[in-house]
Amino acid sequence: MANVSSLIDSITSCVSIFKCRLLHCKVVKNVSYRHGFIGDQLVGLYLRLGHEVCAEKLFDEMPERDLVSWNSLISGYSKRGYLGKCFEALSRMMRSEMCFRPNEVTFLSIISACVYGRSREEGQCVHGLVMKSGVLDEEVKVVNALINWYGKTGDLTSSCKLFEDSSVKNLVSWNTMILIHLLNGLAEEGLAYFSMSRRIGNTLDQAAFLAVLRVCEGIGVVKLAQGIHGLILLSGFNANKCIATGLLDLYAKLGRLEDSSTVFLEIKCPDSLAWTAMLAAYATHGYGKDAIKHFELMVHYGISPDHVTFTHLLSACSHAGLVEEGKHYFETMSKRYGIEPRLDHYSCMVDLMGRSGFLQEAYRLIKEMPMEASSGVWGALLGACRVYGNTQLGVKAAERLFELEPCDGRNYIMLSNIYSASGQWKDASRTRNLMKQKGLVRGKGCSYIEHGNKIHKFVVGDWSHPESEKIQKKLKEIRKKMKNELGYKSRTEFVLHDVDEDVKEEMINQHSEKIAMAFGLLMISQIETIIIRKNLRICGDCHETAKAISLIEKRRLVIRDSKRFHHFSQGSCSCRDYW
DNA sequence: TGGAGTGGGC
């Protein structure tokens with residue numbers, strides 16, 4: 001039996017198909033499939049390694065198959081995301097000679113596959129089977145899995161009903177409720193579940209804190225994040241690496257890079273994920289050189305970078321215009337670290353070369369990629385074509401994107417803007433009409449700024465805020481100062497509509513980020529940084545205005561747009577006008 | 001009984 005137990009250990013830790021086959025031979029030679037249920041484990045291993053044909057062959061060859069054997073097969077399919085195969089196996093299992101009925105483990109695996117596949121009909125069918133089986137009253141894990149599945153497919157009403165009706169709730173149920181509300185855009189409700197979970201006396205665990213940190217990001221209020229940080233300290237969870245990593249990531253996403261760095265420095269022996277999170281923070285904030293230094297230090301301390309580390313490192317190089325460095329790391333990632341570039345890395349490289357004006361080189365890389373280019377890769381090329389006014393290549397990228405993402409309006413807008421920028425107004429209007437015909441609408445630009453424990457939202461030309469008169473007065477004052485002190489002229493080339501120059505100027509002066517900046521100047525004390533979030537990318541004129549404000553008003557501003565952070569101080573931006 | 005197993009850091 002010692003032999004079998006060591007074989008089981010080898011199966012558990014096996015990561016190569018070669019070793020797996022060797023182990024399979026050993027089992028065939030020395031023991032039977034039923035010894036220590038080793039056959040079931042081999043089936044699981046083959047599936048884990050992605051060799052489902054071998055798994056199925058072995059499964060059919062096994063002399064005896066009990067419920068656990070079937071569950072091993074179903075669970076293996078589920079982990080690979082093969083929803084159809086899960087159902088096929090379930091049906092075969094129920095029709096088999098022994099007529100096995102699914103138990104809670106079968107349901108958990110199948111529901112997992114439904115979550116992965118975001119599949120509505122199949123999930124409902126499983127819910128029906130679960131109800132029929134009667135496990136719902138006693139198996140909290142199955143209840144939680146169903147709550148999660150309903151939430152992930154957008155049916156919060158059913159999630160809440162299951163949660164309310166269940167008599168077997170546990171901490172996982174509460175944590176799931178927090179997360180699914182957040183995922184459905186209801187961060188405030190997620191926070192309410194977190195508070196209730198505390199109030200009823202649940203002892204919060206790592207997952208609870210990780211969930212609430214994500215909720216904080218969704219709500220976007222720094223004071224709330226600081227409150228949760230306090231709670232983490234009080235609960236003694238600050239020594240937990242996962243939570244500390246989540247916290248540093250949160251501060252970075254809220255524009256507080258210095259706080260991220262403080263949290264990172266307090267982590268004892270940070271692991272690869274913590275190092276990577278800090279690297280990601282430098283990357284999105286545009287501090288390319290700091291990101292590289294951080295990466296070199298990470299390697300120096302013997303921490304192995306993974307494919308995510310390289311995504312952020314390449315993105316840092318791209319955002320900071322460090323072309324040579326980016327190319328160097330793209331090469332070394334496979335040569336020195338044995339990490340083969342994935343789609344994300346190619347997106348970063350196309351972005352890096354495209355932003356620097358090497359459009360043809362970027363296009364060549366796409367053609368030479370060993371895998372099919374994704375929308376991210378083509379999107380990076382399209383963005384670069386927009387910056388450098390390359391209509392011809394832009395059309396090629398856009399056409400591919402229309403195939404890959406037919407329902408994403410941003411690609412149509414981008415192409416239309418490329419046409420507008422080169423004065424091809426007819427083509428621009430044709431593209432916008434095409435977008436309308438498809439029923440796609442353009443997302444409205446809005447900017448958010450925190451003040452007095454509240455997030456204030458502004459849209460273009462917004463007069464809805466009670467302080468609007470003061471805000472507009474401040475905006476006028478800034479414009480006057482910019483004109484008189486810096487000789488600034490509105491960058492109306494950023495208005496891509498075929499209208500008169502004065503109309504263009506009026507449009508650009510009312511952008512949501514400008515209104516938010518004026519509000520920040522009025523409401524936020526001189527010593528504080530003005531932090532603004534924008535859902536779309538910042539426009540060129542607003543970027544210039546933020547630089548001017550930082551100089552004239554002697555203020556520090558941070559603007560997070562849909563892609564990255566911009567830190568404005570003393571008349572310049574951390575992106576060095578390169579974004 | 002066991003071997004299969006809900007939420008959860010970059």
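Computed from a prediction, not measured in an experiment: that's the story for all the values here.
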**A:Gln41, nearest nucleotide to its side chain (from B:dC10, B:dG7, B:dG3)** = B:dG3
**Asked** Considering residues at least two apart in sequence or located in another chain, which fulfil the salt bridge (charged side-chain N to carboxylate O under 4.0 Å, His left out) criterion with A:Lys289?
**Response** none
**side-chain N/O A:Asn148 vs B:dG7 OP1/OP2, d < 4.0 Å** = yes
**Request:** State whether the distance check finds a donor on one side and an acceptor on the other, under 3.5 Å, for side chain A:Asn240 versus base B:dG9.
**Result:** no
**Item:** Whole angstrom value for the distance that separates P of B:dC10 from CG of A:Leu313
**Value:** 18 Å
**Prompt:** Passes salt bridge (Lys or Arg N to Asp or Glu O under 4.0 Å), A:Lys161 versus A:Asp155? Steps please.
**Reply:** CA-CA 10 Å; A:Lys161 190 170 180 328; A:Asp155 185 357; over 6 Å; no
**Prompt:** Where the side chain of A:Lys241 is concerned, which of B:dG8, B:dG9, B:dA4 is the nearest nucleotide?
**Reply:** B:dG9
**Item:** Of the listed nucleotides B:dC10, B:dG5, B:dT6, the one nearest the side chain of A:Val172
**Value:** B:dT6
**Request:** Please evaluate the base of B:dG9 for a donor-acceptor partner in the side chain of A:Thr245 within a cut-off of under 3.5 Å?
**Result:** yes
**Residue A:Ala145, side-chain heavy atoms: nucleotide from B:dA4, B:dG7, B:dT6 that is nearest** = B:dT6
**Message:** I need the OH-P distance between A:Tyr150 and B:dG7, as an integer number of Å.
**Reply:** 17 Å
**Asked** Nearest-Å distance, CG (A:Leu182) to C1' (B:dG7)?
**Response** 13 Å
**Message:** Counting only side-chain heavy atoms from C-beta out, which of B:dG8, B:dT6, B:dA4 sits nearest to A:Ala207?
**Reply:** B:dG8
**Asked** Where the side chain of A:Asp66 is concerned, which of B:dG3, B:dG5, B:dG8 is the nearest nucleotide?
**Response** B:dG3
**Prompt:** What's the CD-P distance between A:Glu217 and B:dG8, to the nearest Å?
**Reply:** 15 Å
**Candidates B:dG9, B:dA4, B:dG3 - which lies nearest the side chain of A:Asn103** = B:dA4
**Request:** Please work out if A:Lys79 contacts a base, only the sugar-phosphate, or nothing of the nucleic acid, heavy-atom cut-off 4.0 Å.
**Result:** sugar-phosphate
**Request:** Answer with base, sugar-phosphate or nothing: what part of the nucleic acid does A:Asp40 contact at a heavy-atom distance below 4.0 Å?
**Result:** base
**Prompt:** Can we say A:Asp408 and A:Arg410 salt-bridge, meaning some charged N sits less than 4.0 Å from an Asp/Glu carboxylate O?
**Reply:** yes
**Message:** If you count every heavy atom of other residues, nucleotides or ligands that lies below 6.0 Å from A:Phe237 atom CZ, does the total exceed 12?
**Reply:** yes
**Request:** Would you indicate what A:Asp205 reaches in the nucleic acid, counting non-hydrogen atoms under 4.0 angstrom: base, sugar-phosphate, or nothing?
**Result:** base
**Prompt:** A:His35 NE2 to B:dG3 C1': how many Å, rounded?
**Reply:** 14 Å
**Item:** d(CD1, A:Ile232; P, B:dG9) in whole Å
**Value:** 13 Å
**Message:** Starting the side chain at C-beta, find the nucleotide from B:dC10, B:dG5, B:dG9 nearest to A:Thr276.
**Reply:** B:dC10
**Request:** Could you state the atom-to-atom distance from CE of A:Met62 to P of B:dG3 in whole Å?
**Result:** 16 Å
**Request:** Please assess A:Arg336 against A:Glu331 for the test salt bridge (Lys or Arg N to Asp or Glu O under 4.0 Å), listing each intermediate value before the final yes or no.
**Result:** CA-CA 8 Å; A:Arg336 189 165 155 197; A:Glu331 246 180 53; over 6 Å; no
**Complete:** From the list A:Leu183, A:Asp249, A:Ile178, side-chain contact (heavy atoms from CB on, under 4.5 Å) with A:Arg214 holds only for A:Leu183
**B:dG5 OP1/OP2 closer than 4.0 Å to side-chain N/O of A:Ser75** = yes
**Complete:** A:Arg34 atom CZ is separated from B:dT1 atom C1', nearest whole Å, by 14 Å
